[in-house]
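Structure, as structure tokens:
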Amino acid sequence: MALGADSAPTAAAMRISRYDVFELTLASATPYEQPFTQAVAEAEFVGPAGRRVKVQGFYDGGTTWRVRFAPAHVGGWRYQARLS
């Protein structure tokens, strides 16, 4: 199945097998003093039948956050991610 970002229409779609883990890396331009309480990473994935899945990310040190998702359905998926 293919995963593509809504926010980057020129990005090439990635092929991920059903139940394999897709990992998205988000980077902050600004370092946070208290990253666990000052920032939230999340992504919303939309599956081939329109099903929406919201996934919380996690802080991975420095200015990096990650979101991991394993698609349960075969077909094209889109996502939008944010770090706030």
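For clarity, every value in this text was computed on a predicted model and none was experimentally measured.
To the nearest 0.5 angstrom, Arg68 atom CZ is 9.0 Å from Thr25 atom OG1. To the nearest 0.5 Å, atoms CG (Leu26) and CG (Asp60) are separated by 11.0 Å. Note: Phe22 CZ to Met14 CE = 5.5 Å, rounded to the nearest 0.5 Å. Taking CD1 from Ile16 and CZ from Phe69, the interatomic distance works out to 10.5 Å, rounded to the nearest 0.5 Å. Taking CD from Glu33 and CD from Gln38, the interatomic distance works out to 6.5 Å, rounded to the nearest 0.5 Å.
Classification of the Tyr32-Trp65 ring pair by plane angle, with boundaries at 30° and 60°, yields perpendicular.
Of all heavy-atom pairs between Leu24 and Ala81, the closest is CD2-CB, 3.4 Å. Nearest heavy-atom pair across Ala43 and Val67 is CB-CG1, 3.9 Å.
Linking ILVMFWY side-chain heavy atoms closer than 4.5 Å, directly or via other members, places Val74 and Val21 in two distinct hydrophobic clusters.
Using a 4.0 Å cut-off between charged nitrogen and carboxylate oxygen, Glu42 and Lys54 do not count as a salt-bridge pair.
Not one N or O on the side chain of Arg66 forms a donor-acceptor pair closer than 3.5 Å with the backbone of Phe58.
In this structure, the side chains of Trp77 and Pro48 come closer than 4.5 Å at one or more pairs of heavy atoms.
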Exercise. Could you go step by step and tell me if Gln56 and Val40 meet the side chain to side chain contact (heavy atoms under 4.5 Å, CB included) rule?
Worked result: CA-CA 8 Å; Gln56 293 291 313; Val40 174; 3.7 Å; yes
